[in-house]
Amino acid sequence: MKAKNCLIFGGSGQIGSFLIRKLTKNNIKVTVVTRNVHQKGLKIKTQGNAGYIDIKEANIFEEKKIETLFKDADFCINLIGILYEKKRGNTFRNIHRVFPTILAKLCKKYNLKHFIHVSALGINEATDSKYAISKLEGENEILNNFTKSTILRPSIVFSNSDNFSTQFMTLLNRLPIFPLYYSGKTKFMPIHCTDLTEIIYYILTNKIETQVIECVGPEVLTFKEILQILLGLINKKRFLLPFPTPLAKLTAKFLQLMPKPLLTEDQLRLLKYDNISSGKYKTNFEIGVPSKLFFKDEVEKYSFMWRDGGQFSTNKYKSESLEK
């Protein structure tokens, strides 16, 4: 049975834009909550079918205001997360533990059919990371407060609007030398936003009672292999230099002072741990939604903007010029 009204938090982000398109295309109404409707509203409205998107402005900690939205909701999806903390800003604890707990309690109070929370892969092992600890605590609070919840733990999520492949291509395009932390041996199973969206849609439209699902792509790639793929796609040659851990920590101390840090000490600690399926929980493959999109094939579709010549460097333009 399809959802009548799906309440989405974090709908203006990378995953949200893909998810809104998928849901509204399949005649599911979505109510998207945003902090600033004037800043994010126009973008959200263009993501899906007209008449199927309702936008509400609210701070995520205005509990009374948020509670009114649950009265007409059937399902709730939380996509909100942060990669680093800001001074005088949101903390890992507030975003990854306190806020999801509020949502879970409201889901229980208004007897929603399902609550889907997007967490992160590999957090059980990363016991020295504040990010991972807060994510795990948030998951436990959700499951303790609302049993009809599903926790999704994706590996690195990528698309043409991500902060992963696009950021690395920008850095690789500008830097002659690129650091390899932990010798570049950390393993990932990158999953495309489209595949992750399919998983969420499948859970919404089928009776899925699995409480924790690891969402992974169809291949395992090391950090070094990912960088080599990106270099090949943008036609660049760079020296990938293994960084000693003490030097990496010192670098992170300075980089985390930037308004938008390229690397923090906490992120460096996370890089010690592989970001692949653990074997302890079901994966999207096991529930019947296998990932189909490979990292290199998908990134190639938008990598031309980081090559010499930008949009005119695509194979399409090269082939046309040769024909002339």
Side-chain angles (χ1 to χ4, degrees), residues 1-3 6 8 10 13-23 25-26 28 75-79 81 113-126 132 135-136 138-140 142-143 147-162 164-165 185-226 229 270-271 273-301:
M1 186 172 126
K2 292 187 177 180
C6 189
I8 300 177
Q14 176 194 191
I15 300 172
S17 59
F18 279 78
L19 182 60
I20 291 170
R21 282 196 292 271
K22 177 68 178 181
L23 297 183
K25 183 180 178 181
N26 288 276
I28 295 175
F75 292 78
C76 179
I77 301 174
N78 181 35
L79 305 173
K113 297 174 182 177
H114 211 139
F115 176 37
I116 298 175
H117 172 73
V118 176
S119 184
L121 196 59
I123 56 177
N124 286 93
E125 292 74 25
K135 283 282 190 180
L136 193 58
E139 290 184 7
N140 293 334
I142 289 169
L143 296 177
T147 56
K148 292 185 287 185
S149 298
T150 296
I151 309 293
L152 299 183
R153 291 182 172 181
S155 186
I156 294 294
V157 182
F158 71 99
S159 72
N160 60 356
S161 58
D162 67 15
F164 177 69
S165 62
K185 294 180 180 179
T186 308
K187 297 176 182 178
F188 299 89
M189 298 182 75
I191 181 169
H192 194 273
C193 235
T194 299
D195 284 332
L196 183 57
T197 296
E198 290 293 336
I199 297 167
I200 297 174
Y201 177 72
Y202 183 81
I203 293 170
L204 275 180
T205 54
N206 293 272
K207 193 175 181 180
I208 304 299
E209 297 179 350
T210 305
Q211 290 192 323
V212 178
I213 301 172
E214 295 183 334
C215 303
V216 294
E219 60 189 334
V220 177
L221 297 171
T222 65
F223 182 54
K224 184 176 181 179
E225 287 171 337
I226 288 173
I229 288 171
L270 275 174
L271 274 174
Y273 305 95
D274 289 336
N275 204 250
I276 59 177
S277 54
S278 65
K280 299 176 183 177
Y281 305 96
K282 287 185 178 180
T283 68
N284 49 299
F285 286 82
E286 292 172 286
I287 66 168
V289 198
S291 299
K292 301 176 181 178
L293 303 179
F294 287 81
F295 184 75
K296 182 178 179 181
D297 295 339
E298 295 307 308
V299 177
E300 185 175 17
K301 295 176 182 178

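For the numbers below, each heavy atom of this structure counts, side chains included, while hydrogens, waters and symmetry mates do not.
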Indicate the ring-plane relationship of His114 and Phe75, choosing parallel, tilted or perpendicular according to the 30° and 60° boundaries. parallel

Closest non-hydrogen contact found for Ile15 with Val118 is CD1-CG1, 4.4 Å

Taking only residues two or more places apart in sequence or in another chain, which ones pass side chain to side chain contact (heavy atoms under 4.5 Å, CB included) with Ala120? Ile123, Tyr131, Lys135

Less than 4.0 Å between a side-chain N and a carboxylate O, is that true for Lys292 and Glu198? no

Please report the shortest heavy-atom distance between Pro154 and Ser119, naming the atom on each side. CD-O, 3.4 Å

Show, in sequence, the C-alpha distance, side-chain angles and deciding distance for Thr222 and Lys185, and conclude whether the side-chain contact (heavy atoms from CB on, under 4.5 Å) test is met. CA-CA 5 Å; Thr222 65; Lys185 294 180 180 179; 5.6 Å; no

If I take atom CD1 from residue Ile287 and atom CD1 from residue Ile213, how far apart are they, to the nearest 0.5 angstrom? 4.0 Å

Interatomic distance, CD1@Ile229 vs CZ@Phe295, rounded to 0.5 Å, equals 6.0 Å

How close do Phe18 and His192 get, counting heavy atoms only, and between which atoms? CE2-CE1, 4.0 Å

Shortest non-hydrogen separation from Gln14 to Cys193 and the atoms involved: CG-SG, 3.6 Å

Can you give me the closest heavy-atom contact between Phe285 and Ser291, atom names plus distance? CZ-N, 3.6 Å

What residues, two or more places apart in sequence or in another chain, satisfy side chain to side chain donor-acceptor pair (under 3.5 Å) together with Asn140? none

Keeping the roles fixed (side chain from Glu300, backbone from Asp297), state whether a donor-acceptor pair exists under 3.5 Å. no

Side chain to side chain contact (heavy atoms under 4.5 Å, CB included) with Lys301: which residues, sequence neighbours excluded? Glu298

Using the rule given for salt bridge (charged side-chain N to carboxylate O under 4.0 Å, His left out), can you reason through Glu139 versus Arg153, listing the C-alpha separation, both sets of side-chain angles and the distance that settles it, and then say yes or no? CA-CA 10 Å; Glu139 290 184 7; Arg153 291 182 172 181; 2.6 Å; yes

Whether Asn275 side chain and Gly122 backbone form a donor-acceptor pair below 3.5 Å: no

Starting at CZ of Phe223, measure out to NZ of Lys187 and round the result to the nearest 0.5 Å. 16.0 Å

Any donor and acceptor pair, going by atom type alone, linking the side chain of Thr210 with main-chain N or O of Thr150 inside 3.5 Å? no

With no hydrogens and no angle check, is any side-chain donor or acceptor of Glu214 less than 3.5 Å from a backbone partner on Leu121? no

Interatomic spacing from CD1 in Ile156 to CD1 in Ile191 - rounded to 0.5 Å: 11.5 Å

Could I get the full list of side chain to side chain donor-acceptor pair (under 3.5 Å) partners for Lys148, not counting sequence neighbours? Asn111

Grab the two heavy atoms, one from Asn284 and one from Cys215, that are nearest each other, plus how far apart they are. OD1-CA, 3.4 Å

Excluding sequence neighbours, so at least two apart, what forms side chain to side chain donor-acceptor pair (under 3.5 Å) with Ser165? Asp162, Tyr302

Rounded to the nearest 0.5 Å, the CD1 atom of Ile142 sits from the NE2 atom of His117 at a distance of 4.0 Å

Asp195 side chain to Leu293 backbone, donor-acceptor under 3.5 Å: yes

Contacts of type side chain to side chain contact (heavy atoms under 4.5 Å, CB included), residue Lys280, not counting sequence neighbours: Glu125, Ser278

Reported CD1-to-CD1 distance for the pair Ile203 and Ile116, which is rounded to 0.5 angstrom: 5.0 Å

Thr186 versus Tyr273: any side-chain heavy-atom pair under 4.5 Å? no

